[in-house]
Amino acid sequence: MKNLIKSLLEEALNNLVENNTLPRDHGAQIHVEKTRQSAHGDLASNIALVLAKAVGKSPREIAGDIVGALPRSSDISRVELAGPGFINFFLSPSARWQQIEKIRAAKATYGTSNTGRGKKVMVEFVSANPTGPLHVGHGRGAAYGDALARVLKAAGYSVHSEYYVNDAGRQMDILALSVWVRYLELCGLEFSFPKECYQGDYIWDIAATLHRQEGGRLQHDLAILIQGLPNDPEARIDRMVEGAKNLLGEADYLLVFDLAKEIMVDLIRQDLNHFRVNYDQWFSERSLVDSGAIKHAIEVLEERGHLYQEGGATWFRSTAFGDEKDRVVLRANGSHTYFAADIAYHLNKVERGFEWLINIWGADHHGYVTRVKSAFQALGGGSDALDVLLVQFAVLYRGGEKVSMSTRSGDFVTLRALCKEVGEDAARFFYALRKPEQHMDFDLDLAKEQSNENPVYYVQYAHARICSVFRQMETKGIEMSDSQIDFSSLVEPEEMNLIDELSRYPEVVAKAAAGHEPHQLAYYLRETATCFHAFYNAHHFLNAEAAVREPRLALIDAVRQVIANGLGLLGVSAPEMM
RNA sequence: GCGCCGGUAGCUCAGUUGGAUAGAGUACUUGGCUACGAACCAAGGGGUCGGGGGUUCGAAUCCCUCCCGGCGCGCCA
């Protein structure tokens, strides 16, 4: 509808340019908006107000010219000039009626478009260290990233989703250490578990698997390991990791390390699976080392003259790209930094042919954004080909108290527990209702208690209600005719509102994709459900006289379709009964 | 100290490429099931859009400044 009016206005402006009423280079963008009040028509444009400055005439005068130059359309019943210079459009009934059959014919494809033109985009999200189960903070990134990927796909992009597995860093060494120490406890050794290690119960589970698999073969005297440790906790850990490596030997250490990693990644994959998040690919950080990709990336930077040596380390001159300081890629001890791996990863993404990279990170990584963008540019990437979207923290409250979240202490609410408490649908919709940059207060008591008050049920209920009507239709032996439906009796305000709401859906999807804001969709669905429930309560379908029955049934059939499509993009189910 | 994000109804939040009288959910008050699902609907009260200044026909939206909250400023990841 909006597009129709836009093209009418465009034609009018062209006409005015032709007869020299408007300058050729006015450069005004045509905006058409849904009006808030019915007195202002259905859709309105402020184009005359925007043009006023450039043309040097009063907005109302320009508006008059535009209205005069507007081509006729059977979809527009009336055009009015209003207020300071708004042009208000009133839609004809037939324009609305057409929308219903358009939706019913398009079915699951209604709302999809080709605005993305098949552009190859990679969405990377969650990518949490596999050192513990996912918590509700990760859930937010998962819900957002997955919904965004689905929305982009609907808008015609060629989308690839990926999870970057940080399986090469120090955190993973600590995980392996923690597992081995628990394993020693299972072997019967007595000592107090180091507080620097991961405390969560899942460490026990991995240790048990290790014990079942290897028996007592990996048992060593722990005393050597915990003797004469330094006071600094970080240094203590590094010393213990070193000790574990020495005692176990390279092969056995790797065995523990890999087992821990495999189990953790599997756990994370399962959690995300249940959350209806499925990746196209899980990409291993260590594969970048093994394939020589890191070496390759550093060579590329070297060739382009972006590196220098200082203090035994190799630095990337990121200040040349606006970073506040230069960053180390190779440490004095020869090992590469996490940053170096990330540079290689981004180079790899480009080499795989992706034209647009979207990274979704937790807000605590925002200090890292400039550095990665710098490296990306240094490697020859376009400045608009990489978007880093930050998801703010979800602060948890339980009983009015803030819940601390720390992987190390094992004190956190897992995504799995959340799903179990409130269900996947409610959890996904709850997340979807908040835009990512908004700091989020997550009241666990409320989320749990709300399970029947959650807005998701409001939307799902609309869908189930409609399905119920069609079930009733069958039991009552009523049939929809195959012939063309006469919509002329569809004139009630609730019906018009509902049709307008449905016809807005494709724009909402396109806007959600363009602005990476899937939350628009969640709000839209709630509003659509409101329009439907209002209609439902005011009018009858099956019990109405024949003339209005069929068009109304067709209308709610269209509503059902739009709600199902929209919920699908958010990873929420559309139940036929509830 | 510097940087990123936020501050909109009692609470949780939409609305920001500048548009007409700032919205929703929730909570509160009142009313609606003898025809298709009351997990619903209808009506009502509730606001210095953090404070102040500026830009203009017009500002929650843009600029400046201050206040409050979250996060970040490693040869960690």
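Only heavy atoms go into these numbers, but all of them, side chains included; no hydrogens, no water, no symmetry mates. First the proteins, then the strands, lettered A, B, ... as listed; each starts at 1. From a predicted model like this one, the values you see are computed outputs, not experimental measurements.
The six-membered or imidazole ring of A:Y536 lies near that of A:F541, with a centre-to-centre distance under 6.0 Å. Taking the six-membered ring for Trp, A:Y505 and A:Y524 have ring centres closer than 6.0 Å.
Atom name P, nucleotides B:rA59 and B:rC63: the rounded distance is 16 Å, in whole Å. Only the C1' atoms considered, B:rG72 is 25 Å distant from B:rU16, to the nearest whole Å. With P as the reference atom, B:rG69 and B:rC75 are 30 Å apart, rounded to whole Å. Nucleotides B:rA22 and B:rA9 have their C1' atoms positioned 11 Å apart, rounded to a whole Å. Nucleotides B:rU17 and B:rC68, compared at atom C1', are 29 Å apart to the nearest Å. The separation of B:rG46 from B:rC11, taken at their C1' atoms, amounts to 13 Å, rounded to a whole angstrom. For B:rA14 and B:rG3, the P atoms lie 25 Å apart once the distance is rounded to whole Å. Of the C1' atoms belonging to B:rA60 and B:rA27, the separation is 25 Å, rounded to the nearest Å.
For B:rG19, the base is not stacked against the aromatic ring of A:F86, per a cut-off of 5.5 Å between centres and 30° between planes. With centroids closer than 5.5 Å and planes inclined by less than 30 degrees as the test, A:H365 and the base of B:rA77 pass as a stacked pair. We find that the ring of A:H540 and the base of B:rA35 do not stack by the test of centres under 5.5 angstrom and planes tilted less than 30°.
Atom pair A:R434:CZ and B:rG70:P shows a separation of 19 Å (rounding to whole Å applied). Atom CG in A:D323 sits about 18 Å away from atom P in B:rC2, given to the nearest Å. Regarding A:L288, its CG atom lies at a distance of 14 Å from the P atom of B:rA77, rounded to whole Å. When the P atom of B:rA24 is taken as reference, atom NE2 of A:H519 falls 17 Å away, rounded to whole Å. Rounded to an integer number of Å, the gap from CD1 of A:I563 to C1' of B:rC40 is 13 Å.
A:D342 has no carboxylate O lying under 4.0 Å from a charged side-chain N of A:R327, or vice versa, which leaves the two without a salt bridge.
Nucleic acid contact class of A:L330 (heavy atoms, under 4.0 Å, all strands): none.
Put simply, the side chain of A:H31 and the base of B:rG19 share no donor and acceptor less than 3.5 Å apart. Scanning atom types as modelled, no donor and acceptor separated by under 3.5 angstrom connect the side chain of A:H533 and the base of B:rC41. Judged by distance alone, with hydrogens and angles left aside, A:N88 brings a side-chain donor or acceptor within reach of the base of B:rA20, the pair sitting under 3.5 Å. A donor N or O paired with an acceptor N or O is found under 3.5 Å between the base of B:rU16 and the side-chain atoms of A:K435.
Toward the 5' end of RNA chain B, the nearer of the two residues A:M473 and A:H336, judged by each one's closest nucleotide, is A:M473. Across the interface with RNA chain B, nearest-nucleotide mapping of A:A363 and A:R526 shows A:R526 to be the residue nearer the 5′ end.
A 3.5 Å limit on both hydrogen-bonding distances identifies no Watson-Crick or G-U partner for B:rU48. Figure legend. B:rA60 is base-paired to no nucleotide; pairs are counted as Watson-Crick or G-U wobble with both atom distances under 3.5 Å. The partner of B:rG1 is B:rC73, judged by Watson-Crick or G-U wobble contacts that both fall below 3.5 Å. Look at B:rG6: its Watson-Crick or wobble partner, with both distances under 3.5 angstrom, is B:rC68. Base pairing annotation: B:rA39 forms no Watson-Crick or G-U wobble pair, as no partner gives both donor-acceptor distances under 3.5 Å.
Side-chain contact of A:Q460 with A:D425: a donor-acceptor pair under 3.5 Å is present, judged by distance alone.
A:Q438 has no side-chain polar atom (N or O) that falls below the 4.0 Å cut-off from OP1 or OP2 of B:rG70. Within the structure, a side-chain polar atom (N or O) of A:Y461 is placed less than 4.0 Å from OP1 or OP2 of B:rA39.
A:P194 and A:Q199 make their closest contact through O-NE2, 3.3 Å (heavy atoms, listed as atom of the first residue, atom of the second, distance).
Test A:I563, A:V562, A:D557 against A:V559 for side chain to side chain contact (heavy atoms under 4.5 Å, CB included) and you get one pass: A:I563.
Taking the ring axis of A:F321 as reference, the NZ or CZ atom of A:R317 does not stay both within 45° of it and closer than 6.0 Å to the ring centre.
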